[in-house]
Amino acid sequence: MPDIEISFDQSRIDFRATSDQLMASYWGSARSDEAHHRAFANSLCVGAYIDRKQVGFARAITDYTVFAYLADVIIWPEHRGQGIGRRLVQALIDHPDLKTVSHWSLSTNNAHSLYQKFGFETDGRYMRLERNPAA
């Protein structure tokens, strides 16, 4: 597995590459760059990097207290299957600003097994994780 750097520094996110990857996905194909600018600005975003080049992205839409919605977890195609998505999800769940979040949810058509590893339970297309974080 390559050396993967995880960073919450939003200034490092390659907006063009990230927006293009999301617009190529089944869930983001109807979005625009403007929608992504607004969505990223209003979310806790995380990037994955190999040799300082971005290879993945994820974000949490959250109130930073009780609720977080995991969204836009995407790995560039040539880097899939290396555990990068798992690292991004773990980084968001473990983020210090989200330590009190007890209700996590997400929607996926095809990645249930990834999220089940974190304790998410399937409810049709939607998945949720209830936890009892340290207050």
Side-chain angles (χ1 to χ4, degrees):
M1 182 196 277
D3 188 24
I4 310 225
E5 179 187 1
I6 302 297
S7 174
F8 287 93
D9 181 353
Q10 200 155 345
S11 70
R12 290 187 62 191
I13 292 171
D14 180 339
F15 177 82
R16 177 75 276 132
T18 304
S19 188
D20 286 349
Q21 289 292 329
L22 291 171
M23 287 190 283
S25 71
Y26 73 83
W27 69 88
S29 61
R31 296 189 201 158
S32 65
D33 283 344
E34 176 58 28
H36 286 145
H37 276 294
R38 291 181 65 203
F40 297 177
N42 291 294
S43 300
L44 177 61
C45 299
V46 61
Y49 304 86
I50 297 175
D51 296 328
R52 303 180 59 82
K53 183 175 166 97
Q54 188 176 345
V55 298
F57 175 84
R59 66 189 180 100
I61 306 156
T62 183
D63 63 7
Y64 291 91
T65 306
V66 176
F67 177 82
Y69 185 88
L70 194 56
D72 293 338
V73 178
I74 193 159
I75 308 305
W76 289 203
E78 63 274 20
H79 296 283
R80 292 179 184 159
Q82 300 177 40
I84 298 169
R86 194 173 318 118
R87 295 268 315 269
L88 288 171
V89 172
Q90 190 71 62
L92 285 167
I93 289 173
D94 291 345
H95 192 282
D97 291 346
L98 303 180
K99 70 180 182 177
T100 64
V101 171
S102 57
H103 180 80
W104 288 80
S105 63
L106 62 90
S107 173
T108 185
N109 282 346
N110 60 3
H112 295 87
S113 63
L114 167 66
Y115 302 111
Q116 287 168 339
K117 293 173 184 168
F118 295 96
F120 282 85
E121 296 178 1
T122 303
D123 186 12
R125 178 176 172 199
Y126 293 92
M127 298 184 79
R128 64 176 178 229
L129 169 68
E130 301 287 339
R131 66 180 187 166
N132 188 8

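Keep in mind that this is a model prediction, so the values were computed, not measured. The figures that follow rest on heavy atoms only: side chains count, while hydrogens, waters and symmetry mates do not.
Atom CE of M127 is separated from atom OG of S107 by 10.5 Å, given to the nearest 0.5 angstrom. Separation of atoms CD (Q21) and CH2 (W76) is listed at 5.0 Å; rounding is to 0.5 Å. The distance from the OH atom of Y126 to the OG1 atom of T108 is 11.5 Å, given to the nearest 0.5 Å. Atom CD1 in I75 sits 9.0 Å away from atom CD in Q82 (nearest 0.5 Å). If you take CZ on F67 and CH2 on W104, they are separated by 10.0 Å, rounding to the nearest 0.5 Å. Taken from CG in L70 to OG in S43, the straight-line distance is 10.5 Å, to the nearest 0.5 Å.
Looking at heavy atoms from C-beta onward, H103 lies in side-chain contact with R128 at the 4.5 angstrom threshold. Side-chain contact check for T100 versus Y64: every heavy-atom pair is 4.5 Å or farther apart. A 4.5 Å side-chain heavy-atom check between H95 and L92 finds every atom pair outside the cut-off. Contact of the I50 side chain with the I84 side chain is registered, since non-hydrogen atoms from C-beta on lie closer than 4.5 Å. For the pair V55 and I4, the minimum side-chain heavy-atom distance is 4.5 Å or more.
Pairing each heavy atom of Q10 with each of A41, the nearest pair is NE2-N, 3.9 Å. Of all heavy-atom pairs spanning I6 and A48, the tightest one is CD1-CB, 3.9 Å. Nearest approach of H36 to S19, heavy atoms of both residues: ND1-OG, 2.8 Å. The minimum heavy-atom distance linking I74 with R80 is given by the pair CG1-NH2, 4.0 Å.
V89 and L106 fall within a single hydrophobic cluster, where Ile, Leu, Val, Met, Phe, Trp and Tyr are joined by side-chain heavy atoms under 4.5 Å apart, directly or via other members. Both V101 and F120 sit in one connected hydrophobic cluster of ILVMFWY residues. Membership requires side-chain heavy atoms under 4.5 Å apart, directly or through other members. If you chain together hydrophobic residues whose side chains sit under 4.5 Å apart, I13 and L44 never meet in one group. Follow the hydrophobic side-chain contacts under 4.5 Å out from F8 and you never reach I61; the two are in separate clusters.
Ring-plane geometry between F15 and H37 is classed as parallel, the angle between the planes falling under 30 degrees on a 0 to 90 degree scale with a further cut at 60. Aromatic ring pairs are classed by plane angle as parallel below 30°, tilted from 30° to 60° and perpendicular above 60°; the pair F57 and F40 is tilted.
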For a quick test of your reading: what N or O donor-acceptor pairs under 3.5 Å do the side chains of residues 109-117 make, sequence neighbours left out?
unit_1 : atom_1 : unit_2 : atom_2 : d
N109   : OD1    : R125   : NE     : 3.2
H112   : NE2    : G124   : O      : 3.4
Q116   : NE2    : T122   : OG1    : 3.3

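Pairs passing the salt bridge (Lys or Arg N to Asp or Glu O under 4.0 Å) check and including a residue from residues 27-41, sequence neighbours excluded, read R16-D33, R31-D72.
For D94, the CG atom counts as densely surrounded, since its 6.0 Å shell holds more than 12 non-hydrogen atoms of other residues, nucleotides or ligands.
Of the residues V66, T65, L129, the one that meets the side-chain contact (heavy atoms from CB on, under 4.5 Å) test with S102 is V66.
With sequence neighbours left out, E121 forms a side chain to side chain contact (heavy atoms under 4.5 Å, CB included) with no residue at all.
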